[in-house]
Amino acid sequence: MPEPTVLAADYFQGYSVVGLLAVVGVLFVAVAFGAGRLLRPVVPTPEKLLTYECGVDPVGEGWAHTQVRYYVYAFLYVIFAVDSIFLFPWATIFADPQYGATTLVEMFIFLGFLAVGLLYAYKKGVLAWT
């Protein structure tokens with residue numbers, strides 16, 4: 001029995017739907033921005049050009065010092081969020097008897113790297129909230 005022939009047109013038909021959807025999306029955004037530009041009033045005044053945040057007029061300089069530890073907490077959150085992302089697929093593969101021991105060793109290596117990073121942050125005093 002001969003194998004069925006796969007034509008290039010059949011292969012790219014699925015991708016043409018995705019491409020058409022992408023083009024429609026880009027056109028939708030372009031039309032929305034164009035309509036907004038045509039319909040909005042353009043009357044620049046000094047009050048409109050003034051920078052503000054949350055409706056409060058700015059006072060003083062526009063530069064403010066932010067504590068570095070807030071960034072470190074954000075990085076630690078990202079690290080543990082990535083850790084949780086990797087733990088869920090690992091838990092599904094771990095149940096397979098063919099990959100159980102291998103994935104267990106790999107996960108402990110991964111958790112070891114995370115533990116070393118957490119220990120480093122603890123030793124540097126980053127985790128102490130002052």
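Reckoned from all heavy atoms, side chains included, excluding hydrogens, waters and symmetry mates.
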State which residues pass side-chain contact (heavy atoms from CB on, under 4.5 Å) with Lys123; sequence neighbours excluded, sorted by chain then number.
Leu119
Residues that Ile109 engages under side-chain contact (heavy atoms from CB on, under 4.5 Å), provided they are two or more places apart
Val105, Phe113
Under the side-chain contact (heavy atoms from CB on, under 4.5 Å) rule, collect the residues that match up with Arg40, sequence neighbours excluded.
Arg37, Val42
Who pairs with Tyr15 by side-chain contact (heavy atoms from CB on, under 4.5 Å), at least two apart in sequence or on another chain?
Tyr11, Phe12
Transitive ILVMFWY cluster of Phe28 at side-chain heavy atoms under 4.5 Å: who else is in it?
none
Over 12 foreign heavy atoms within 6.0 Å of OH, Tyr122
no
Kindly give the cluster partners of Val29, where membership spreads through any ILVMFWY side chain lying under 4.5 Å from a current member.
Phe33
Are Leu114 and Phe108 linked, directly or through intermediate hydrophobic residues, by side-chain heavy-atom contacts shorter than 4.5 Å (ILVMFWY only)?
yes
